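See below for the structure under consideration.
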Amino acid sequence: MDSDAKKAVLRMIPYGIYVLTADDSQGNVAAATVNWVTQSAFAPPLVVLGVKADSGAYAVIKSTKTFALNMLGKDAKGLAFTFFKPAQVADGKLSGQSFRPGATGAPLLDAAIGAVECKVKTIIEEGDHHIVVGEVIAAHLPKPIEGRPDNAILEMKDLGDTVYYGG
Ligand SMILES: Cc1cc2nc3c(=O)[nH]c(=O)nc-3n(C[C@H](O)[C@H](O)[C@H](O)COP(=O)(O)O)c2cc1C
């Protein structure tokens, strides 16, 4: 395979930017900025995501079987970079960000423009990122969105000319 072509072609896939969160109620709270996310069914509403198999977030999700996907708005570029690093809870904040627990216990970021909470249906253990299939069991929209919801979300291409995850 031509590795340059593989990289360029796979980087044609457009992505939104999300903060994946989970809390196992044993003191392990995870938060990671992710982009490998899509909806995969209407009924039940399913989402699939690729989660780094050796990450803290993966370990928490695998044990607690629930997670939240926090949608980042166009102006939340700084937040995306905050959660590229391992998350810490201090003074009731998650890496400095205020949050509230969702129905699953997963942190919902106050700065997110929306969030879904999911129950893990299955995990497909293939590759360096495992595929987590989640059923959406709660949705949070703090403020109505004007215009197309997919215009409101921060996208990979908004993070700068050199930022990619894929290829
Ligand atoms: C641009 C970008 C996109 C990322 N997308 C994903 C992703 O889709 N899935 C994932 O598991 N990690 C992704 N990561 C890595 C996580 O953000 C990172 O491993 C995580 O925040 C580290 O925390 P943890 O290991 O403590 O969970 C991405 C990183 C960058 C820089």
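Whatever order the structure lists them in is the order used to number ligands and atoms, beginning at 1. Since the structure is predicted, the reported quantities are computational estimates derived from the model, not experimental observations.
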Which residue and heavy atom of the protein sit nearest [atom], plus the separation:
atom: atom 19 (O) of ligand 1; answer: Lys52 CD, 3.9 Å
atom: atom 12 (N) of ligand 1; answer: Tyr165 OH, 3.6 Å
atom: atom 22 (C) of ligand 1; answer: Phe84 O, 3.8 Å
atom: atom 23 (O) of ligand 1; answer: Pro86 CA, 3.8 Å

Looking only at distances, can you tell me whether any N or O atom of [X], backbone or side chain, sits closer than 3.5 Å to an N or O atom of ligand 1?
X: Tyr164; answer: no
X: Val51; answer: no
X: Ala57; answer: yes
X: Gly56; answer: yes

Open item on the list: Can you confirm whether Phe83 sits close enough to Leu94 that some side-chain heavy atom of one is under 4.5 Å from a side-chain heavy atom of the other?
Closed with: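 Yes. Closest side-chain heavy atoms under 4.5 Å.
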
Open item on the list: Do Leu159 and Lys77 make a side-chain contact, defined as non-hydrogen atoms from C-beta onward lying under 4.5 Å apart?
Closed with: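 In short, these two side chains touch, coming nearer than 4.5 Å.
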
Pair [X] + [Y]: basic N to acidic O under 4.0 Å:
X: Lys52; Y: Asp128; result: no
X: Glu125; Y: Lys62; result: yes
X: Arg100; Y: Asp110; result: yes
X: Asp150; Y: Arg148; result: yes

Enumerated ligand 1 atoms positioned under 4.0 Å from heavy atoms of [X]:
X: Trp36; result: 8 (O)
X: Val163; result: 1 (C)
X: Ala32; result: 20 (C), 21 (O)

TODO: May I ask you to check whether Thr64 and Asp23 show a side-chain donor-acceptor distance below 3.5 Å?
DONE: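 On atom types as modelled, these side chains do not qualify, holding no pair under 3.5 Å.
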
Open item on the list: For the residue pair Gln88 / Ser95, report whether a side-chain donor-acceptor contact shorter than 3.5 Å exists.
Closed with: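 Result is no, nothing qualifies.
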
- [ ] Have a look at Leu159, Ile61, Asn35, Val37 and point out the one with the heavy atom closest to atom 3 (C) of ligand 1.
- [x]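 Ranked by closest heavy atom to atom 3 (C) of ligand 1, first place is Asn35.
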
Open item on the list: Measuring from atom 14 (N) of ligand 1, which candidate in Val19, Thr33, Val34 has the nearest non-hydrogen atom?
Closed with: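 The residue whose heavy atom sits nearest atom 14 (N) of ligand 1 is Thr33.
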
Task: Main-chain N/O of Gly166 paired to Trp36 side chain as donor or acceptor, under 3.5 Å - done: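 Not confirmed, Trp36 side chain does not pair with Gly166 backbone.
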
Open item on the list: I need the contact type for Leu49 against ligand 1. Using non-hydrogen atoms and a strict under-4.0 Å cut-off, is it side chain, backbone, both or neither?
Closed with: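 The answer is neither; Leu49 stays 4.0 Å or more away.
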
Task: Phe83, portion touching ligand 1 at heavy-atom distance under 4.0 Å - done: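 Phe83 to ligand 1: backbone contact only, side chain stays beyond 4.0 Å.
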
- [ ] Answer with yes or no whether Gly50 contacts ligand 1, where contact means a heavy atom under 4.0 Å from a ligand atom.
- [x]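 Yes, Gly50 has a heavy atom closer than 4.0 Å to ligand 1.
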
Open item on the list: As an exercise, state the distance from OG1 of Thr66 to CD1 of Ile137, rounded to the nearest 0.5 Å.
Closed with: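 Rounded to the nearest 0.5 Å, the OG1-CD1 separation comes to 7.5 Å.
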
